[in-house]
Amino acid sequence: QKKKNRCFFIFFFGMSSSTVGAIKRGPHSPLGYLGARKARNQQKKFGIKKFYPKPKNQDEWHLVFLQHKIDTPQLEKIELRWSTKGPGQAGIRHFKYFSIPPIKYFNQNVQLEITKDDSKNFRPRIILEFENGDREEKEVYDASNEDICQWVSEKCSKRANKAEEMTEDQ
């Protein structure tokens, strides 16, 4: 019996005090753990990185926008459609949070239309409309923000190249 008590004594006092405190209090106690709840309720914001200082003036914000620049010539409208429920929607949400602000910063004339659906089996889509009336549409189920950005920049650069070729021919 003494061996069991000794093992418990070493186990109990070998843990750090923060671990012991977490065991005593539950997650709903007033002095309990608040980290996950706080992080869950925070909104995602462009340009804000954990452990880095927040940009304070216009010059610092401009440097942040330059780091994330997406060149979108001749783009008139971006339409985003996704569901608030179900899997495969994270990439288009991240595109909205992190990639739309630099696009709007460098092209103020770009219109943004967002449609959120409540159905669970909805497939997210992005639709690009250009100045000449052309439309490009893509289903972005399970696509990452980087994949969507790459597709948008490819389509916009192709349009710019076509426009340059047409002006050279004339």
Side-chain angles (χ1 to χ4, degrees), residues 27-28 33-170:
H28 301 296
Y33 175 71
L34 296 175
R37 200 170 341 153
K38 183 179 177 187
R40 186 174 57 231
N41 292 335
Q42 285 179 346
Q43 226 178 6
K44 295 169 185 71
K45 292 182 182 176
F46 172 78
I48 309 299
K49 274 193 202 175
K50 235 179 181 178
F51 310 116
Y52 287 92
K54 180 180 176 182
K56 291 182 175 57
N57 57 29
Q58 195 64 29
D59 295 332
E60 291 177 3
W61 275 109
H62 183 70
L63 292 174
V64 171
F65 280 115
L66 282 175
Q67 291 174 350
H68 301 281
K69 185 175 182 179
I70 300 172
D71 196 24
T72 56
Q74 299 182 352
L75 185 63
E76 189 174 278
K77 183 179 177 182
I78 300 175
E79 191 174 336
L80 303 174
R81 299 177 185 172
W82 75 81
S83 175
T84 56
K85 300 176 183 170
Q89 317 287 329
I92 195 161
R93 281 196 327 265
H94 291 174
F95 179 78
K96 189 259 183 199
Y97 295 140
F98 303 121
S99 299
I100 290 293
I103 290 173
K104 300 253 327 150
Y105 180 79
F106 289 107
N107 302 320
Q108 286 86 15
N109 59 344
V110 173
Q111 300 171 5
L112 177 66
E113 185 177 320
I114 297 173
T115 308
K116 296 180 186 177
D117 196 271
D118 287 338
S119 64
K120 200 170 189 177
N121 297 327
F122 191 81
R123 306 294 275 189
R125 297 189 151 309
I126 181 168
I127 302 165
L128 305 176
E129 288 186 21
F130 296 94
E131 291 173 351
N132 60 2
D134 290 347
R135 288 173 54 110
E136 292 284 343
E137 185 172 342
K138 183 177 182 181
E139 184 180 290
V140 290
Y141 183 82
D142 261 350
S144 67
N145 177 26
E146 292 79 22
D147 296 339
I148 299 171
C149 289
Q150 183 180 5
W151 180 78
V152 169
S153 59
E154 283 175 7
K155 294 299 177 184
C156 291
S157 63
K158 283 182 184 177
R159 298 285 172 198
N161 292 341
K162 282 183 183 178
E164 287 177 9
E165 288 174 5
M166 290 184 74
T167 55
E168 289 175 3
D169 291 340
Q170 293 176 356

Result of checking Phe65, Phe98, Tyr97 against Phe46 for ring-ring contact (aromatic ring centres under 6.0 Å, His included): Phe65
For the student: nearest non-hydrogen atoms of Pro101 and Lys96, plus distance: CD-O, 3.6 Å
Pairing residues for Asn132 by the side-chain hydrogen bond (donor to acceptor under 3.5 Å, both in side chains) criterion, not counting sequence neighbours: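 Residues passing side-chain hydrogen bond (donor to acceptor under 3.5 Å, both in side chains) with Asn132: Asp134.
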Is any side-chain heavy atom of [X] closer than 4.5 Å to a side-chain heavy atom of [Y]?
X      : Y      : result
Ser83  : Pro124 : no
Val140 : Asp147 : no
Ile126 : Lys155 : no

Basic-acidic side-chain contact under 4.0 Å: Glu79, Arg81: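 A salt bridge is present here (some side-chain N lies under 4.0 Å from a carboxylate O).
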Side chain to side chain contact (heavy atoms under 4.5 Å, CB included) between Phe130 and Leu75, intermediate numbers included: CA-CA 5 Å; Phe130 296 94; Leu75 185 63; 3.9 Å; yes
Give a yes or no on whether the backbone of [Y] and the side-chain of [X] come within a donor-acceptor separation of less than 3.5 Å.
X      : Y      : result
Glu129 : Lys77  : no
Glu136 : Trp151 : no
Trp61  : Pro55  : yes
Lys69  : Pro102 : no

Nearest 0.5 Å, what's the [atom1]-[atom2] distance between [X] and [Y]?
X      : Y      : atom1 : atom2 : result
Cys149 : Ile100 : SG    : CD1   : 8.5 Å
Ile78  : Ile127 : CD1   : CD1   : 11.5 Å
Arg123 : Ile92  : CZ    : CD1   : 12.5 Å
Thr72  : Ile103 : OG1   : CD1   : 5.5 Å
Arg93  : Lys116 : CZ    : NZ    : 9.0 Å
Tyr141 : Asn121 : OH    : CG    : 8.5 Å

Donor-acceptor pair between Thr84 and Asp118 side chains, under 3.5 angstrom: yes
Test log, rule side chain to side chain contact (heavy atoms under 4.5 Å, CB included), inputs Ile70 and Ser99: CA-CA 8 Å; Ile70 300 172; Ser99 299; 3.9 Å; yes
